[in-house]
Novice: 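Sharing a structure, written as C-alpha cells. Questions coming.
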Amino acid sequence: MIVVKKFSAVWCGPCRMLAPVFETIKPSYQNIKFEEIDIDEYSEATAQYNVTSVPTVIIEKNGEIVERFTGLSSKIAYVNAINESLK
C-alpha cells in the first residue's frame, strides 16, 4: 500500500501553496491513501517522522519511506515520485 503523508501547519505559507497542488493530484490515484498531518495538532507523528520543517511530504510503500520532500516542490516532482513508488 502506498501512503502519501503531507505534514503542514495552518500558519505556513508554502503549505497553503501546496494544498491546491495535492487536490489536483489526488483524483489521479484512487488506490493511494493521502494523509494530511497538522504538525501543531499531531506532534507525536511529527516526532515519529522527524519532521523539522514544513511542508514535508513523505511517501511510504508498505510502511517504508521511499521518498521524502522537505519544502515546496513542483507538482511534477510529486507525481514522478508517486509513479515511481507504484513500480
Novice: With distance as the sole test, does Lys61 use its side chain to make a donor-acceptor pair with the main-chain N or O of Ser85 at under 3.5 Å?
Specialist: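 Flag set: sc Lys61 to bb Ser85 pair under 3.5 Å.
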Novice: Hydrophobic cluster membership, with links at side-chain heavy-atom distances under 4.5 Å among I/L/V/M/F/W/Y: are Ile25 and Val4 in one?
Specialist: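 Linked within one cluster.
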Novice: Quick check: closest heavy atoms across Met17 and Leu72, and the distance to 0.1 Å?
Specialist: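 Minimum heavy-atom contact is CE-CD2, 3.6 Å.
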Novice: Please give me the minimum heavy-atom distance between Lys75 and Val21, naming the atom from each residue.
Specialist: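 Reported closest heavy-atom pair: CB-CG1, 3.8 Å.
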Novice: Please report the closest heavy-atom contact between Ile39 and Ala9, naming both atoms and the distance.
Specialist: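 Looking at all heavy atoms of both residues, the closest pair is CG1-CB, 4.0 Å.
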Novice: Using a 4.5 Å cut-off on heavy atoms from C-beta on, say whether the side chain of Trp11 contacts that of Asp40.
Specialist: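 Yes, at least one pair of side-chain atoms sits under 4.5 Å.
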Novice: Lys5 vs Glu60, test: side chain to side chain contact (heavy atoms under 4.5 Å, CB included). Steps then yes/no.
Specialist: CA-CA 8 Å; Lys5 298 176 185 273; Glu60 290 182 328; 3.0 Å; yes
Novice: In this structure, are over 12 heavy atoms from other groups packed under 6.0 Å from Lys33 atom NZ?
Specialist: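 12 or below, so no.
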Novice: Which heavy atom in Ser8 sits nearest to a heavy atom in Val54, and how many Å separate them?
Specialist: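 Result for this residue pair: CA-CG1, 3.8 Å.
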Novice: Find the distance between CD1 (Ile2) and CG (Asn31) and round it off to the nearest 0.5 Å.
Specialist: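 One finds 10.0 Å between CD1 of Ile2 and CG of Asn31.
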Novice: Step by step, would you call Phe69 with Ile59 a side chain to side chain contact (heavy atoms under 4.5 Å, CB included)?
Specialist: CA-CA 9 Å; Phe69 295 90; Ile59 302 173; 4.3 Å; yes
Novice: State whether the side chain of Asn62 and the backbone N or O of Met1 hold a donor-acceptor pair below 3.5 Å, judged by distance alone.
Specialist: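 Indeed, once roles are kept as given, a pair shorter than 3.5 Å links the two residues.
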Novice: About how many Å separate CD1 of Ile58 and CD1 of Ile65, when rounded to the nearest 0.5 Å?
Specialist: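 The CD1 atom of Ile65 sits 4.5 Å away from the CD1 atom of Ile58.
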Novice: Hey, are the side chains of Thr46 and Thr56 touching, using non-hydrogen atoms and a 4.5 Å cut-off?
Specialist: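 A side-chain contact is absent here, since even the closest heavy-atom pair is not under 4.5 Å.
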Novice: Less than 6.0 angstrom from the centroid, inside 45 degrees of the normal: does Lys6 satisfy that with respect to the ring of Phe22?
Specialist: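 The answer is yes; both the distance and angle limits are met.
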Novice: Does this structure show an ion pair linking Glu23 with Arg16, if we count only N-O contacts that are shorter than 4.0 Å?
Specialist: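 Salt bridge: no.
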Novice: Between Asn83 and Tyr78, is there a side-chain donor-acceptor contact under 3.5 Å, judged purely by atom types and distance?
Specialist: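 No, because no side-chain N or O of Tyr78 sits under 3.5 Å from a partner of the opposite role on Asn83.
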Novice: So if you build clusters from Ile, Leu, Val, Met, Phe, Trp, Tyr with side-chain heavy-atom gaps below 4.5 Å, do Phe34 and Tyr49 land together?
Specialist: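 No, because Phe34 and Tyr49 fall into different hydrophobic clusters, even though each may have its own neighbours under 4.5 Å.
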Novice: Under 4.5 Å between side-chain heavy atoms, hopping through other hydrophobics if needed: is there a path connecting Val57 to Val79?
Specialist: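 Yes, Val57 and Val79 fall within the same hydrophobic cluster.
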Novice: Take a 6.0 Å sphere around CD of Gln48 and say whether it holds more than 12 heavy atoms from other residues, nucleotides or ligands.
Specialist: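 Counting other residues, nucleotides and ligands, CD of Gln48 exceeds 12 neighbours.
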Novice: Counting only heavy atoms from other residues, nucleotides and ligands, does the tally under 6.0 Å from OH of Tyr29 exceed 12?
Specialist: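 Count over threshold, so yes.
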